[in-house]
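Everything on this sheet refers to the single structure shown next.
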Amino acid sequence: QVQLQESGPGLVKPSQTLSLTCTVSGGSITPSAYTWNWIRQSPERGLEWVGLIGYDGTTGYRASLKSRASISRDTSKNQFSLELTATTPDDTAVYYCARWKISGQNYDSWGQGTQVTVSS
């Protein structure tokens, strides 16, 4: 069974870059059947899709975040990462990585989530 695990600093200072990595085990991030996504959740905004990276490295982002967000992958490590620049306290949230199964049109695997607080 595929497992996803988020990692990265839990505290980020405003204006600095939020960097998270999702490590995938039990399955490869290269098959075309899936996309790999970052989703965040906060009391203020609820669940909010951040962006994705496809099997071939194609990316897509939430419109309001596309100027600040960047998702990349390292196939040799079976990882994908999120960088969110110019952060503010509004970026404080629990960040999840999740696998989207294209054929089923659903997220079939989620990480446990990691709390990221943007504060000085």
Side-chain angles (χ1 to χ4, degrees):
Q1 185 75 276
V2 66
Q3 292 183 305
L4 284 67
Q5 178 68 61
E6 304 91 345
S7 62
L11 182 63
V12 178
K13 294 184 182 298
S15 82
Q16 295 188 342
T17 297
L18 181 160
S19 297
L20 296 171
T21 296
C22 183
T23 299
V24 179
S25 60
S28 174
I29 65 172
T30 60
S32 61
Y34 307 101
T35 68
W36 305 88
N37 297 257
W38 287 101
I39 301 156
R40 66 184 185 181
Q41 183 174 37
S42 68
E44 295 79 14
R45 295 173 176 81
L47 281 171
E48 189 175 51
W49 179 77
V50 175
L52 66 82
I53 189 163
Y55 75 97
D56 60 351
T58 301
T59 56
Y61 305 100
R62 183 179 184 88
S64 61
L65 297 175
K66 63 182 179 182
S67 67
R68 299 194 292 124
S70 179
I71 298 174
S72 59
R73 64 178 185 157
D74 186 336
T75 58
S76 69
K77 297 180 180 179
N78 217 39
Q79 295 177 331
F80 65 104
S81 299
L82 170 68
E83 292 194 346
L84 188 65
T85 64
T87 57
T88 75
D90 290 340
D91 295 311
T92 295
V94 177
Y95 284 75
Y96 298 90
C97 55
R99 185 174 76 169
W100 175 265
K101 186 175 178 65
I102 296 171
S103 65
Q105 293 288 285
N106 70 294
Y107 294 108
D108 67 351
S109 296
W110 291 75
Q112 66 181 5
T114 186
Q115 172 71 44
V116 180
T117 299
V118 180
S119 175
S120 60

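For reference, positions follow the sequence shown, starting with 1.
Applying the side chain to side chain donor-acceptor pair (under 3.5 Å) rule to Ser120 yields no partners; only residues at least two apart in sequence or on another chain are considered. Residues passing the side chain to side chain contact (heavy atoms under 4.5 Å, CB included) test with Pro43, sequence neighbours excluded: none. Legend: residues meeting side chain to side chain donor-acceptor pair (under 3.5 Å) with Thr92, ordered by chain and number and at least two apart, are absent. Thr23 meets the side chain to side chain donor-acceptor pair (under 3.5 Å) test with Gln79; sequence neighbours excluded. Applying the side chain to side chain contact (heavy atoms under 4.5 Å, CB included) rule to Tyr61 yields the partners Thr59, Lys66, Ala69, Ser70, Ile71; only residues at least two apart in sequence or on another chain are considered. Residues forming a ring pair (Phe, Tyr, Trp, His ring centres under 6.0 Å) with Phe80 (at least two apart in sequence, or on another chain): Trp36, Trp38. Residues satisfying the side chain to side chain contact (heavy atoms under 4.5 Å, CB included) test with Thr30, not counting sequence neighbours, are Ser28, Arg73, Thr75. A search for side chain to side chain donor-acceptor pair (under 3.5 Å) contacts involving Ser119 returns nothing, not counting sequence neighbours. Not counting sequence neighbours, the partners of Glu48 by the side chain to side chain contact (heavy atoms under 4.5 Å, CB included) test are Arg40, Arg45, Arg62.
Hydrophobic clustering (ILVMFWY, side-chain heavy atoms < 4.5 Å, transitive): Leu82 and Leu52 are in distinct clusters. Under a hydrophobic clustering in which Ile, Leu, Val, Met, Phe, Trp and Tyr are joined whenever their side-chain heavy atoms come within less than 4.5 Å, directly or via other members, Val94 and Leu18 fall into different clusters. With hydrophobic clusters built from ILVMFWY side chains whose heavy atoms lie under 4.5 angstrom apart, Ile39 shares a cluster with Ile102. Under a hydrophobic-cluster definition in which Ile, Leu, Val, Met, Phe, Trp and Tyr are linked whenever side-chain heavy atoms come within less than 4.5 Å, directly or via other members, Val24 and Val50 are assigned to the same cluster.
Among pairs with a residue in residues 85-120, those fulfilling disulfide bond (SG atoms under 2.5 Å apart) read Cys22-Cys97, at least two apart in sequence or across chains. Applying the side chain to side chain donor-acceptor pair (under 3.5 Å) test to pairs two or more places apart or on separate chains, those with a residue in residues 100-110 are Arg99-Asp108. For residues 8-32, no pair satisfies ring-ring contact (aromatic ring centres under 6.0 Å, His included), with sequence neighbours left out.
Between Val116 and Val12 there is a side-chain heavy-atom pair separated by less than 4.5 Å. Two residues are said to be in side-chain contact when any heavy atoms from C-beta on lie closer than 4.5 Å; Glu83 and Thr17 meet this criterion. Side-chain contact between Thr88 and Pro14: absent, with no pair of heavy atoms (C-beta onward) separated by less than 4.5 Å. Contact of the Tyr95 side chain with the Leu84 side chain is registered, since non-hydrogen atoms from C-beta on lie closer than 4.5 Å.
The line from CD1 of Ile53 to CD1 of Ile29 is 7.0 Å long, rounded to the nearest 0.5 Å. Distance check, rounded to the nearest 0.5 Å: OG1 of Thr114 to CD of Gln5 gives 8.0 Å.
Pairing each heavy atom of Tyr96 with each of Gln41, the nearest pair is OH-OE1, 3.5 Å. Minimum interatomic distance between Thr21 and Ser81 (heavy atoms only, all atoms of both residues): OG1-OG, 3.2 Å.
Counting heavy atoms of neighbouring residues, nucleotides and ligands inside a 6.0 Å radius, atom CD of Gln115 exceeds 12 of them.
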